[in-house]
Amino acid sequence: MAIEISNESQQVLMAFAGYLVGVIAFGIFSHSFLTRSNFVKEYFIGGRGLGGWVLALTVAATAVSGGTFMGFPSLIYSNGWVMALWIASYMMVPLTAMALMGKRINQVARMSGAVTMPDVFRDRFGSPTLGIFATSLILLFLTFNLVAQFKAGGLVMKEAFQLAPPLAQLERYRVASDARLELYFRNESGDVEKSLTPLPTTTAKLHGEPTVDIDRRQVVVEYQLADGRIVSKHIRFPAERLTLPLLGWRVEKGYLLGLLVFAFTVVAYTTYGGFWAVTWTDVFEGLVMLMGVLLMAILAVRAVPEHVGSGTTGLAAATHHLQDQDPRLVYGPGPNDFLPLGLAFSFFLMWSVTSPGQPGGMVRLMSFKDTPSLRRAMVVVGFYYFITYISLLVIFICARAIFPSEYLRDMGSEGEPDSIMPAMARKIAPSPLLAGLLLAAPYAAIMSTVAAFLLLISSSLVRDLYQRTLRPNASERSMKRLSYSITALVGVGVTIAAMNPPTFLQYIIVFTSAGQGCAFLFPMLLTLYWRRTTRQGVLAGMLGGVVTVISLYVLGWIDNRTQSDPTHPMQRWLYWIPNWGESRGDLFAPLALGGLDPVAWGLLNSLLLTSIVSWLTPIDTEQANRYFPK
Amino acid sequence: MTESASAKTLRSARRDAWFVFLCWLAALGWTLTYCAVYGYPPEDRLEHPVPTVLGFPQWVFIGILLPWIVCSLLTIAYGLFGMQDNDLGQENEEASPHGY
C-alpha cells in the first residue's frame, strides 16, 4: 500500500521514532530481570523490588492515560475554567492512591504470597470464589477499557502520519436537518463517499458555493453566522479506506497504520519484558509526559495575544479572552450547565476515591520493596500530579483563547474539540521535530496505561484462573510459555477489536474506572483494615458496587433512547425514578440519580453492603487472627 | 516477621489511612464550599470583569489552586517526616500457588 507523507510529518515521525526506540530498548533491557528468581513473581509484580522513583513514575504514568491527554484537553477547551473544579480532587490522589493502603496491602500480599489483586481476596478469606469473581470483573472492565485506549493510541499516531487523502471529485452537497453539511465525493475507483461535518453553529447558513482546492485535497466552505459574520471551514477529501481481509471491515488507512505501529510496540515490549518492561518504560514515558506538558505550557502562555481591554498578557489575558467569548467559560457550572454542584461533588469522589480502587494501582502497591520507597514515591507523585494537571489546565485555557472554537478549523482540524491536543502541539511548536516530541506525550500516556492493563489481564488469566484454579502444579516452564503467549494473544485480540471500535469511547473509560472503583475500593479497604470483614460481605460489596453502576448506565441509556417518545412503555413504567426524563448531553450519559454520578451511589452501596453483610455473617477467626495479630 | 512487628505495621498503616481521610475531608469541604459560593455566580453577575490572581480566576486560585498546593506540600511533608518506616515482612513462598 502506497503511503504519502508530507515533509513536516516526516520530521514529526522522526521524533516519534526516537521515542519508540527508547521504549523498545527498555523492554529488551527489562527481559534480563526475568531470569533472576520465581518467574511469575518477576513477570507480574517485579519480585516486589520497586524503589521509590520507579514506583512513583509507574503509579503516575499508569493513572495518566489517553483520556488525560485527549479527552480532558477537549473538555477544558469546550468548558473553560470550571474544568479546574472537575479535576480538583487530583490534589488528594497522591495520598489516597498511595498512603491510604500502600503499606498494608504490601504487608498482606507478602504474608499470603499474593501476586495479583484477586490473590489478596482469595488468600485473606481462603475463598477461591472471591478470587474468581474479582478476576472476572477485572477481565470484563479492562478488556473494554483496553479497546478504548488502543483506539486513542491509533488516533494519535494517525495525527502524526497525517496521510494525504486520495484525489476525489465533489459530486454534490446539502445541509441536513441535524445542522450538518453532507458532502458527496466520487473517489478514483468510482465509488461515492459521504462526508459529514457539523455547521459552525446550528443557525449558520451556507454562503456561496463550496470551492475545491485540489492541491491541498480539501473543500473550502463559507458560512454566514447569525450575527452576519462570514467564516470559512476547510473540509478534507475523504480519507482512504481499506477493507480488512476475512473481517470485511472498512478501516481508514492512517488509523490502521497508526494502530498497528502502536499495538506492535506496546504488545511486543510488554510480552517480552513483563512487569519490569512496563515499569521501566513507565519511568521513561512519565518523564516524556512531564517534559511535554511543561514545555507546552510555556509555549502556550507565550502565544496568547494581549487582551486589549484589560491590557493583560499571558494567562490573565487568556482568562479575559475567554470571558469575552462566553462569560460561562470562566465560571461554574460552565457552558450548557456542564458541571452543576452535585456533579462537582461526584467528580471529587470519582478521581480521589476511585483511584485507590483501581486494580492497576493496587498491583503497584504490592510491588514496592520497603516503606522508605513508598515515602519517596509519595513525594515525587505529589510534585508530578500538581505540575501535570495545572499545566494541562493552563495549556488548554490558552488554546481556547488563542483559537476560539470557530477558528479551530484553521489548524487543519475540522473543528472537533477532540483534536485540540494534537492540533495545539503542531501549532505552537517552533519546529515539527518539537511537535513530534509534544505529540509523544499523549502517546506515552496511552502506552503506559495500556501496558499495565495488558499485564493485568494476562496475570488474571495465567495466575488467577490457570495456576490457582485449573493447574496448581503447573511447571515454571509452562507458566513462562503461557505468560508470554497470553499477553501476546490478548494484545492481538484487542488490536483486532480496536480496528472497528465503538464510538462512545470516553464513556467506556469513565464507566470502567467507576465500575472498578465501586467494585474494589471498599471491599479491599475493609479487608485490609477491619478484622470483622467476611467473604460474604466482600462479595456483596463487590456485587453491590458493580450492579449499581451498571444499572444507572443502563437506565440512562434506555431513557436517552426513548425520551422522544412519551408513549414508549419504558417511559410510562419508569417515569417515577428521580431525574428520569432530564436532558443529557449524550446518548450514553448515565442517569444522575439525585443529581449525583453513578460513582457516588456505587461507592455508597458497596460500603454499606460490605459492612452490613459482614456484621451479619460469621467471621473466620483463624484467618482473622493470622492477618490481624494482637 | 514477629507478631508484634506485624501488629505495629498494621497500627501504623491505620494511622496513615486516618490521616488521608481527614485531609480528604478538609480538601473536599474547602474546595466545594468555596467554589460553590464564589465560582457559581447568578446570571446577572456573569458579565462583571472576572478578578484574577496570577492569571487564574480568583475563585479557581483560592478554591482549587491554593488547597492543591497545600495538599501537595502535606503529601511531601508526610512522605518525608510523617509516615513511619515499618517492617513489611518476608515473602511467603509457601502460600502460592497452592493455597486455595
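Note that the coordinates shown come from a computational prediction; the quantities given were computed from them, not determined experimentally. Every chain is numbered from 1, with letters handed out A, B, ... down the list of sequences.
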* Structure fact -> Interatomic distance, CG@A:Asp326 vs CG@B:Leu46, rounded to 0.5 Å, equals 8.5 Å
* Asked: Does any heavy atom of chain B fall under 4.5 Å from the side chain of A:Leu329, the backbone, both, or neither of them?
  -> neither
* Portion of B:Cys23 that has a non-hydrogen atom of chain A nearer than 4.5 angstrom -> both
* Taking side chain as C-beta onward, heavy atoms only, is A:Leu95 less than 4.5 Å from B:Phe21? -> no
* **Nearest heavy-atom neighbours spanning A:Leu100 and B:Ala17** => O-CB, 3.7 Å
* To do: Could you tell me whether A:Arg531 atom CZ has more than 12 heavy atoms of other residues or ligands within 6.0 Å of it?
  => yes
* Gap between atom CZ of A:Phe348 and atom OG1 of B:Thr31 - 0.5 Å precision -> 5.0 Å
* Taking side chain as C-beta onward, heavy atoms only, is A:Leu393 less than 4.5 Å from B:Phe56? -> no
* To do: Nearest 0.5 Å please: distance from the CD atom of B:Gln84 over to the OG1 atom of A:Thr371.
  => 9.5 Å
* Asked: Rounded to the nearest 0.5 Å, how far does CG of A:Leu528 lie from CZ of B:Arg14?
  -> 10.5 Å
* **chain B interface, residue from A:Arg328, A:Arg375, A:Met101, A:Met378 that has the most non-hydrogen pairs under 4.5 Å** => A:Arg375
* Minimal non-hydrogen separation, B:Pro51 against A:Tyr331, with atom names -> CD-OH, 4.0 Å
* Check the pair B:Leu80, A:Arg376 against side-chain contact (heavy atoms from CB on, under 4.5 Å), reporting the backbone distance first and the verdict last. => CA-CA 7 Å; B:Leu80 290 176; A:Arg376 276 195 291 273; over 6 Å; no
* To do: State, with a plain yes or no, whether a side-chain heavy atom of B:Ser6 is found less than 4.5 Å away from one of A:Met111.
  => yes
* Asked: What option among B:Ala13, B:Ser12, B:Pro49 has the most heavy-atom pairs under 4.5 Å with chain A?
  -> B:Ala13
* Asked: So, for A:Ala84 and B:Ile64, which heavy atoms are closest and what is the spacing to 0.1 Å?
  -> C-CD1, 3.6 Å
* To do: Name the region of B:Val50, side chain, backbone, both or neither, that has any atom closer than 4.5 Å to a heavy atom of chain A.
  => both
* What residue in B:Tyr40, B:Trp18, B:Phe19, B:Tyr38 has the most heavy-atom pairs under 4.5 Å with chain A? -> B:Tyr40
* Structure fact -> Under 4.5 Å to a heavy atom of chain B? For A:Ile390 that would be side chain
* **4.5 Å side-chain heavy-atom contact, B:Ser72 and A:Met91** => no
* To do: Taking the side chain as every heavy atom from C-beta outward, state whether B:Trp59 and A:Val330 have any atom pair closer than 4.5 Å.
  => no
* **Winner by heavy-atom pair count (cut-off under 4.5 Å) against chain B, out of A:Lys369, A:Gln323, A:Arg104** => A:Gln323
* Out of curiosity, B:Leu88 CG to A:Arg110 CZ, how far, rounded to the nearest 0.5 Å? -> 5.0 Å
* **Among B:Leu65, B:Thr75, B:Leu73, the one residue meeting side-chain contact (heavy atoms from CB on, under 4.5 Å) with A:Phe386** => B:Leu65
* Look at atom CH2 of A:Trp530 and say whether more than 12 heavy atoms of other residues, nucleotides or ligands are closer to it than 6.0 Å. => yes
* **Any side-chain heavy-atom pair of B:Asn86 and A:Lys103 under 4.5 Å** => yes
* **B:Leu54, part contacting chain A, at a heavy-atom distance under 4.5 Å** => backbone
* Taking atom OH of A:Tyr529 as the centre, report whether more than 12 heavy atoms of other residues, nucleotides or ligands fall under 6.0 Å from it. => yes
* Tell me, for A:Val82 versus chain B, whether the close heavy atoms (under 4.5 Å) come from the side chain, the backbone, both or neither. => both
* Taking atom OG of A:Ser352 and atom CG of B:Leu28, what is their separation to the nearest 0.5 Å? -> 7.5 Å
